[in-house]
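In what follows, every heavy atom counts, from backbone to side chain, and hydrogens, waters and symmetry copies are set aside.
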Amino acid sequence: MDPYNNPDQQSDVTIQAMVTRLEERGRHPVFAGMIGAYVSQVPAEVPLRVLDLGCGTGVVARAFEARLHPGSALVGADVSQRLLEAAVALSPGSRIQWRKVDAEGLPFGDSEFDVLAMHTLLSHVVGPEALLREAHRVLKPGGALIVFDADHASTTYGLPEYARMRAVDQKLAEAIATHPDICRQLPRLLKKAGFQLDRHRSELFSECGRGDFWLSSVRGFARLIPALGILPEEEGRAWVEAMLASHEEGTFFAAGSYYTFFASKGPG
Ligand SMILES: C[S@@+](CC[C@H](N)C(=O)[O-])C[C@H]1O[C@@H](n2cnc3c(N)ncnc32)[C@H](O)[C@@H]1O
């Protein structure tokens, strides 16, 4: 059901909900801070070849462009023509090259990139192992891989009834991520693909009382739940109303964890 592994097959309502959510979360200071925390680790003194794989509307590619050496070659690549069109419209005058690709079989030569970032891509692809093998192939020896993803399986939206809360959390996570627990697999999958895991960061992002980042997620779900049939109509409407009411009343609770993995390809 994950709409993010085949965006171009989705309805206009779903695509528009995705564009809005990707851009809103990219602008949120906490989320932007998580992106900045790894973008700022990439050396800016020398020109680099950088690939933002699964770039969506281009949030991360634009962050790299703002920081990196002006001689750097930046490629934003995604399977979705419609999200790439949004990326082009959102970056007038940019020097980012936008490419339509399937990350599980990349149209790039061996050892083309110094840095490859994938920001909430891996949890959405059908074959994460094939994707990591491709990432290893297209990186130069000594190149850096940055994998950022949500631990969707830990995302929770507070409701008074525990059983209902857990059931809805699970349905939402499974509806919007093909692999809701991919972060828990990454140390093993990176090693299997030939990478060395150098370090990682983890962040718990919670909102209590009133929502902002997670409220935008609830508003996205208000459109996605009926469009994708995630919950029965009445149950979906009641969930959205309960979350919005808790925000108005100052009793909102939502939280989720994010991980950044810094890995490298050996010197060859
Ligand atoms: C959750 S979005 C993340 C977009 C962007 N990285 C961001 O964080 O704003 C996941 C992206 O992965 C892309 N995607 C999914 N499967 C893909 C594949 N096999 N190859 C390339 N891109 C893919 C989707 O089209 C979508 O743009």
Side-chain angles (χ1 to χ4, degrees), residues 1-5 7 18 21-22 25-26 28 30-42 51-56 59-60 63 78-79 103-104 115-136 139 143-158 165-166 168-207 213-214 216-217 220-221 224 230 253-265:
M1 187 194 284
D2 178 359
Y4 284 104
N5 67 31
M18 285 181 189
R21 173 63 181 154
L22 293 175
R25 75 175 192 175
H28 191 282
V30 174
F31 200 75
M34 294 188 215
I35 296 171
Y38 67 78
V39 167
S40 64
Q41 304 283 309
V42 176
L51 174 61
D52 173 16
L53 192 52
C55 63
V59 169
V60 170
D78 201 281
V79 75
E104 292 174 52
V115 177
L116 192 163
M118 43 181 93
H119 191 95
T120 64
L121 166 68
L122 212 53
S123 56
H124 297 290
V125 296
V126 175
E129 296 195 24
L131 190 159
L132 287 172
R133 276 197 302 275
E134 278 295 86
H136 192 269
L139 270 173
L145 173 70
I146 302 165
V147 182
F148 177 98
D149 224 310
D151 183 41
H152 295 273
S154 72
T155 303
T156 182
Y157 299 85
M165 176 176 70
R166 289 190 183 123
V168 174
D169 285 344
Q170 187 172 350
K171 280 192 181 161
L172 297 181
E174 287 173 357
I176 56 147
T178 303
H179 301 283
D181 63 358
I182 194 74
C183 293
R184 304 170 193 193
Q185 314 296 334
L186 265 197
R188 185 175 58 80
L189 295 184
L190 287 168
K191 184 169 184 198
K192 198 169 171 191
F195 286 102
Q196 175 179 314
L197 174 56
D198 298 319
R199 61 203 160 82
H200 82 283
R201 277 173 64 100
S202 58
E203 272 125 325
L204 171 67
F205 188 175
S206 59
E207 287 175 337
F213 178 88
W214 292 113
S216 144
S217 171
F221 274 126
L224 292 183
I230 299 173
F253 179 96
S257 308
Y258 290 92
Y259 289 80
T260 313
F261 297 87
F262 299 86
S264 50
K265 176 171 172 174

**Any side-chain heavy-atom pair of L172 and T155 under 4.5 Å** = no
**Request:** Would you indicate whether the side-chain heavy atoms of M118 and L145 approach each other to under 4.5 Å?
**Result:** yes
**Side chain to side chain, L122 and L189, heavy atoms closer than 4.5 Å** = no
**Message:** Quick check: do I35 and H119 have side-chain heavy atoms less than 4.5 Å from each other?
**Reply:** yes
**Asked** What distance separates R21 CZ from L224 CG, expressed to the nearest 0.5 Å?
**Response** 10.5 Å
**Prompt:** Considering all heavy atoms of both residues, which atom of A263 and which atom of F195 are nearest to each other, and what is their separation?
**Reply:** CB-CB, 4.0 Å
**Item:** Distance-only side-chain donor-acceptor flag, R201 / Q41, under 3.5 Å
**Value:** no
**Asked** Does the side chain of F261 reach to within under 4.5 Å of the side chain of P187, using non-hydrogen atoms?
**Response** yes
**Message:** Looking at Q170, I'd like to know if its CD atom is crowded, meaning that more than 12 non-hydrogen atoms belonging to other residues, nucleotides or ligands lie closer than 6.0 Å.
**Reply:** no
**Complete:** For M1 and A175 the tightest heavy-atom approach is SD-CB, 3.5 Å
**Request:** Nearest 0.5 Å please: distance from the OG1 atom of T178 over to the CG atom of N5.
**Result:** 4.0 Å
**Message:** Working to the nearest 0.5 angstrom, can you tell me the gap between L197 CG and R188 CZ?
**Reply:** 13.5 Å
**Prompt:** Which atoms form the tightest heavy-atom contact between G26 and V59, and what is the distance?
**Reply:** CA-CG1, 3.8 Å
**Message:** Quick check on Y259: does its OH atom have over 12 non-hydrogen neighbours (other residues, nucleotides or ligands) under 6.0 Å away?
**Reply:** no
**Asked** Under 6.0 Å between the ring centres of F205 and F31?
**Response** no
**Prompt:** Between F221 and I176, is any pair of side-chain heavy atoms under 4.5 Å apart?
**Reply:** yes
**Asked** Which heavy atom of A150 sits nearest a heavy atom of T120, and at what distance?
**Response** N-CG2, 4.2 Å
**Item:** Y157 side chain to S217 side chain, donor-acceptor N/O pair below 3.5 angstrom
**Value:** yes
**Message:** Given 3.5 Å as the limit, does a donor-acceptor pair link the side chain of H179 with the main chain of V125, or not?
**Reply:** yes
**Distance, nearest 0.5 Å, that separates OG1 of T260 from CD1 of I146** = 8.5 Å
**Rounded distance [0.5 Å steps], CD in E129 versus NZ in K192** = 3.5 Å
**Item:** Side-chain heavy-atom pair V60, Y38 within 4.5 angstrom cut-off
**Value:** yes
**Prompt:** Looking at side-chain heavy atoms only, is the closest gap between T156 and M165 below 4.5 Å?
**Reply:** yes
**Message:** Do S257 and D151 pair up side chain to side chain, a donor and an acceptor below 3.5 Å, judged on atom types alone?
**Reply:** no
**Prompt:** If you take all heavy atoms of P128 and V126, which pair is closest and at what distance?
**Reply:** CD-O, 3.2 Å
**Asked** Do you know which two heavy atoms are closest between Y4 and D2, and how far apart they sit?
**Response** N-OD1, 2.8 Å
**Prompt:** NE2/H124 to CG/D149 distance, rounded to the nearest 0.5 angstrom?
**Reply:** 6.0 Å
**Request:** Could you tell me whether a side-chain N or O of H136 sits under 3.5 Å from a main-chain N or O of G194, the two making a donor and an acceptor?
**Result:** yes
